[in-house]
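Below: one structure, written as structure tokens.
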Amino acid sequence: MTAPVLTGREYKLLLDPRKFAKRYAPGEEADFWQDRLTGLIASSLDATPSGKPRHSGQLEEDKQRNIHFLDTGEGLLATHGFCLRLRRTAAAEDGKSQVTLKFRSPDYFIASGLDLPGSKPKVETKFEEDIAPLAVFAGQPSIRSRYALSAMQKAAEPETLADLWARFPKLKTALKQLGGGITSENQPLVSGPLISEITFSGAAVDFGGGIKANFALSLWNMGKSDGKPRAAEISFAVKLTEGTMPPILANRALRLFTSMQSEFAAIRETRELSKTALAIPVRTGDP
């Protein structure tokens with residue numbers, strides 16, 4: 001097996017969801033971009049050679065999807081760094097979902113050394129670096145990296161571990177390599193809360209050298225329809241060429257991310273480690 005090439009880096013910051021309690025109000029997300037982020041980009045990054053702003057676009061509603069996560073009752077997947085996500089648009093009528101199996105680890109070699117092919121011919125695989133603040137908020141900007149290997153395919157929802165092995169034929173072997181004990185392949189999978197997700201995209205920042213990062217705002221409403229999100233995350237994602245990022249551009253991305261932590265210190269979400277931690281069926285630590 002050839003080790004996968006790192007295809008992207010995503011910088012993620014959880015915010016207090018109460019800031020977006022009126023997420024359906026016209027312009028609120030646009031105001032967040034225009035009032036809070038464009039000025040921050042200008043003040044934290046050096047100017048472009050042409051003098052043009054490094055920011056562009058606007059945050060606009062992009063997608064509405066339903067999401068839930070599956071695991072065994074004992075949290076077999078989450079305990080060993082995996083999560084299983086099912087995502088479906090409101091318009092989907094074929095009974096199938098985007099089924100994504102993701103493994104995260106702070107160890108580059110563990111994550112890149114796993115093999116997670118899907119059972120379908122058309123499987124979308126990614127190997128990315130997820131960057132977030134340290135789990136313990138000490139009032140100072142910080143970063144922690146986790147490497148994420150994922151495989152996504154369109155399929156019916158698995159109901160048991162045996163169904164899951166059929167969707168991802170090498171998952172059982174990967175779990176055993178990581179120390180996972182499997183008692184019964186007929187063990188049922190249980191679901192976490194149903195999540196209604198709304199994403200906003202269309203805004204970007206230019207780090208130079210042909211590398212642009214796309215911003216996204218993701219709001220999760222869990223199991224209720226009162227319009228008040230239970231999770232909010234602002235992020236920007238960078239696509240990598242040949243698995244590398246020039247140091248000067250990486251430094252700009254790091255400066256922007258640490259500046260965001262300082263700017264949004266008053267509205268940081270410090271109670272949870274990630275959106276996924278809120279949504280998995282069994283709380284087992286840091287999925």
Side-chain angles (χ1 to χ4, degrees), residues 1-10 12 14 67-87 97-120 123-136 143-153 155-193 195 240 243 272-287:
M1 171 192 156
T2 302
V5 175
L6 201 63
T7 57
R9 311 179 85 193
E10 187 169 8
K12 302 177 178 181
L14 284 179
I67 299 174
H68 65 283
F69 290 77
L70 300 176
D71 204 337
T72 66
E74 297 79 21
L76 174 67
L77 298 178
T79 299
H80 296 91
F82 290 91
C83 67
L84 180 64
R85 182 187 68 207
L86 278 73
R87 179 183 277 166
S97 304
Q98 287 184 350
V99 181
T100 300
L101 177 68
K102 180 177 287 190
F103 173 79
R104 291 189 182 96
S105 173
D107 191 303
Y108 173 90
F109 294 103
I110 293 176
S112 64
L114 292 185
D115 190 12
L116 296 177
S119 60
K120 303 286 185 179
V123 177
E124 181 181 345
T125 59
K126 294 181 181 180
F127 183 49
E128 301 172 304
E129 183 181 4
D130 287 346
I131 300 172
L134 291 172
V136 178
I143 66 165
R144 61 167 182 155
S145 290
R146 291 187 299 169
Y147 297 93
L149 179 67
S150 65
M152 186 276 288
Q153 59 189 327
E157 179 173 333
E159 297 182 356
T160 65
L161 282 180
D163 292 341
L164 191 54
W165 308 153
R167 304 290 191 278
F168 301 97
K170 293 191 177 182
L171 172 59
K172 184 177 181 180
T173 299
L175 278 166
K176 287 183 177 179
Q177 289 175 346
L178 296 167
I182 301 166
T183 57
S184 171
E185 295 193 352
N186 293 322
Q187 194 170 354
L189 299 174
V190 298
S191 176
I195 300 159
L240 301 182
E272 299 294 340
L273 299 173
S274 66
K275 299 197 309 298
T276 305
L278 281 168
I280 58 175
V282 183
R283 302 297 289 266
T284 58
D286 187 6

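The chain is numbered in sequence order, starting from 1.
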Nearest 0.5 Å please: distance from the [atom1] atom of [X] over to the [atom2] atom of [Y].
{"X": "H80", "Y": "L171", "atom1": "NE2", "atom2": "CG", "result": "11.0 Å"}
{"X": "E185", "Y": "L164", "atom1": "CD", "atom2": "CG", "result": "10.5 Å"}
{"X": "L84", "Y": "R167", "atom1": "CG", "atom2": "CZ", "result": "9.5 Å"}
{"X": "F168", "Y": "L175", "atom1": "CZ", "atom2": "CG", "result": "12.0 Å"}
{"X": "M152", "Y": "R87", "atom1": "CE", "atom2": "CZ", "result": "8.5 Å"}
{"X": "E128", "Y": "K102", "atom1": "CD", "atom2": "NZ", "result": "6.5 Å"}

Does Y108 have its ring centroid less than 6.0 Å away from the ring centroid of F127?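 Yes, they do, as the ring centres are separated by less than 6.0 Å.
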Testing the basics here: between [X] and [Y], what is the closest heavy-atom pair and its distance to 0.1 Å?
{"X": "E129", "Y": "S145", "answer": "OE2-OG, 2.6 Å"}
{"X": "P281", "Y": "S191", "answer": "CG-C, 3.8 Å"}
{"X": "P158", "Y": "L70", "answer": "O-CD1, 3.6 Å"}
{"X": "L149", "Y": "A111", "answer": "CD2-O, 3.5 Å"}

So with a 6.0 Å cut-off around NZ of K170, is the heavy-atom count from everything else above 12? no
Less than 4.5 Å apart, any side-chain heavy atom of [X] and any of [Y]?
{"X": "V5", "Y": "L240", "answer": "no"}
{"X": "L161", "Y": "L76", "answer": "yes"}
{"X": "L114", "Y": "Q177", "answer": "yes"}

R144 side chain to P133 backbone, donor-acceptor under 3.5 Å: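 Yes, R144 side chain to P133 backbone: donor-acceptor pair under 3.5 Å.
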Answer yes or no: is there a donor N or O on one side and an acceptor on the other, between the side chain of D71 and the main chain of L77, under 3.5 Å? yes
CA sep, side-chain torsions, deciding dist, call: E74, Q187, side chain to side chain donor-acceptor pair (under 3.5 Å): CA-CA 10 Å; E74 297 79 21; Q187 194 170 354; 2.3 Å; yes
Could you give me the CA-CA distance, side-chain angles and deciding distance for K12 and S274, then say whether side-chain contact (heavy atoms from CB on, under 4.5 Å) is met? CA-CA 9 Å; K12 302 177 178 181; S274 66; over 6 Å; no
As a test of understanding, state which of V190, L86, I195 forms a side chain to side chain contact (heavy atoms under 4.5 Å, CB included) with F69. I195
